[in-house]
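Below, all heavy atoms of this structure are taken into account, side chains as well, without hydrogens, waters or symmetry copies. Every chain is numbered from 1, with letters handed out A, B, ... down the list of sequences.
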There are 2 protein chains.
Amino acid sequence: MPTTLTPPRMRIAEASERTGLSGHTLRYYEQERLFVNPVERDGAGHRVFSEEQIQWLLVCSKMRSSGMSLDHIRRYAELMRGGPATVGERYEILREHEQKVRDQLAELQAALDVIEHKIAFYAEQMAEGTADQAWRNGPNCSSPI
Amino acid sequence: MPTTLTPPRMRIAEASERTGLSGHTLRYYEQERLFVNPVERDGAGHRVFSEEQIQWLLVCSKMRSSGMSLDHIRRYAELMRGGPATVGERYEILREHEQKVRDQLAELQAALDVIEHKIAFYAEQMAEGTADQAWRNGPNCSSPI
DNA sequence: CCTTGACTTCGAGTCGACTCGAAGGCGTAC
DNA sequence: GTACGCCTTCGAGTCGACTCGAAGTCAAGG
């Protein structure tokens, strides 16, 4: 079998490079049935990925980075295989995940507000020279600084 | 020993309620030396938390929810015990964490953009009736929908 | 033919932060 | 005095998603 593949198809090393997912992870994803279409094999039994699968992996990657579980991705992939009839359920899954992502954003933003507040407090402290009032309680600034 | 404590001090059940952290978690945090000041005990050996400790736990909670590790929180708590001399290092820790939170926000936002894009696509699909063109590839819309 | 290197399968190990449950102590209410 | 409920310590278990490593296969290059 050829050492290079006709362009839209590639082996695991390139798929790994393209997606930022390790080869181990790519195999794991196949085993977990996360692909919409089966991963093909060449004569040597090596995996061959299509461009479409790379795009799908990039989507998976975004879903993962926003906290979607492999369970949910698997379900979504199943629905993809189900064709147009499953569009409604796919939509629902995405809507649900969208809400989770918004919740996470809000949570992070709330934390960021606290962090910034403390940073500002410390910046002021440090500007005041090596002041010894590090333990004061200003308004809205209960001690755990 | 009294069944209720003088207001600013409370036992684990109330501390749990106030902070949203389970009693198990509160004990675990003490064991992990996450508190700035030692958790006191009453005559029966029960933990007694101060209002200040509740405030600190609320801060820890925000740090945790934004992904700060217990290791980093422990370090921060140590620095708190070190007094004013450690303000600079505390500032640095917060700055570093701030950046991580901003990175997470950006990552989530990028994922959200993809999700919204797909949601809009599906919404359109569904509006067009049960169209059978679910597999089309529009511009900027490579197939893994 | 032999080496090289990219690949294969398989099973086991890792990670942090909880989370749980068993066994027991203490003080109050009845 | 005994039942109750809240607390204690301790050690073990859980979770998902990797991550690793051993042992083996295959094709091409020299």
In a check of salt bridge (Lys or Arg N to Asp or Glu O under 4.0 Å) between B:R9 and each of B:E40, B:E51, B:E14, which one passes?
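Passing option: B:E40.
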
Can you find a pair of side-chain heavy atoms, one from [X] and one from [Y], that are under 4.5 Å apart?
X	Y	answer
B:D113	A:K62	no
A:F49	A:T19	no
A:R47	A:R27	yes

Nearest-angstrom distance from the residue atom [atom1] of [X] to [atom2] of [N]:
X	N	atom1	atom2	answer
B:D42	D:dT8	CG	C1'	11 Å
A:Q31	D:dA17	CD	P	14 Å
A:M10	C:dC7	CE	P	12 Å
A:L34	D:dG16	CG	C1'	13 Å
B:Y29	C:dC18	OH	C1'	8 Å
A:Y28	C:dT14	OH	P	17 Å
A:E32	C:dT9	CD	P	14 Å
B:L57	C:dA17	CG	C1'	16 Å

Report yes if at least one side-chain N or O of A:R47 is closer than 4.0 Å to OP1 or OP2 of C:dT9; otherwise report no.
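For C:dT9, OP1 or OP2 has a side-chain N or O of A:R47 closer than 4.0 Å.
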
Within the structure, does a side-chain N or O atom of B:R41 lie under 4.0 Å from either OP1 or OP2 of D:dT9?
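Indeed, a polar side-chain atom of B:R41 lies that close.
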
What string of B, S and - do you get for nucleotides 20-25 of chain C, 5' to 3', when a contact is any protein heavy atom under 4.0 Å?
BB---B

Anything under 30° is parallel, anything over 60° is perpendicular, the rest tilted; go ahead and classify A:Y76 against A:W56.
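Parallel: the ring planes of A:Y76 and A:W56 meet at under 30°.
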
5'-most contact on DNA chain C: B:S22 or A:G45, nearest heavy atom basis?
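Counting from the 5' end, the first nearest nucleotide belongs to A:G45.
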
Sidechain N-carboxylate O distance under 4.0 Å for [X], [Y]:
X	Y	answer
B:R64	B:E32	no
B:R41	B:E30	yes
B:E98	A:K118	no
B:D71	B:R74	yes

Five-pair end axes of the helix from C:dC1-D:dG30 to C:dC30-D:dG1 and the angle they enclose, rounded to 10°
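That helix gives 20° between its end axes.
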
Taking atom CG of B:L94 and atom NE2 of A:H117, what is their separation to the nearest 0.5 Å?
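Interatomic distance, B:L94 CG to A:H117 NE2, rounded to 0.5 Å: 11.5 Å.
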
Quick one, which residues of residues 62-74 of chain B touch DNA chain C with a heavy atom under 4.0 Å?
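B:R64, B:S69, B:L70, in order of number.
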
Hey, is CD on A:Q109 packed in by over 12 heavy atoms from elsewhere, all under 6.0 Å?
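For A:Q109, atom CD is crowded (more than 12 foreign heavy atoms under 6.0 Å).
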
